[in-house]
Amino acid sequence: MVAANQFKPRQARDAINRRLYKRLIIVETAIHRVFVMIHLGFVIIHRGFAI
């Protein structure tokens, strides 16, 4: 029984780390999307003035 209890804190820590990692991926994806939108905006503005 002692061995089974030793794994519970580690499993809880692993579950927290998995949740944090998933949130990190979501944040990175959001930052990337915003960067792409800003970049495309600059490209469209630049080409608009060039025409």
Side-chain angles (χ1 to χ4, degrees):
M1 280 258 250
V2 174
N5 289 337
Q6 289 177 348
F7 289 109
K8 287 184 181 182
R10 183 175 182 178
Q11 289 174 346
R13 235 180 302 129
D14 289 343
I16 291 169
N17 287 337
R18 280 193 301 272
R19 277 187 246 129
L20 291 174
Y21 184 70
K22 286 180 182 179
R23 287 182 186 164
L24 178 64
I25 291 172
I26 291 169
V27 169
E28 287 178 353
T29 303
I31 291 170
H32 177 73
R33 287 180 181 176
V34 169
F35 175 77
V36 169
M37 288 178 4
I38 291 171
H39 179 71
L40 287 175
F42 282 127
V43 168
I44 289 169
I45 290 171
H46 179 69
R47 289 185 181 172
F49 287 131
I51 296 174

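Since the model is a prediction, treat every value here as computed from it, not as a measurement.
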What side-chain donor-acceptor pairs closer than 3.5 Å can you find for residues 15-29, not counting sequence neighbours?
{"residue": "N17", "atom": "ND2", "partner": "R13", "partner atom": "O", "Å": "3.4"}
{"residue": "T29", "atom": "OG1", "partner": "I25", "partner atom": "O", "Å": "2.8"}

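- In the hydrophobic clustering (ILVMFWY side chains linked at under 4.5 Å, chained through shared members), M37 stands by itself.
- V34 forms part of a hydrophobic cluster together with I38, F42, judged by ILVMFWY side-chain heavy-atom separations under 4.5 Å.
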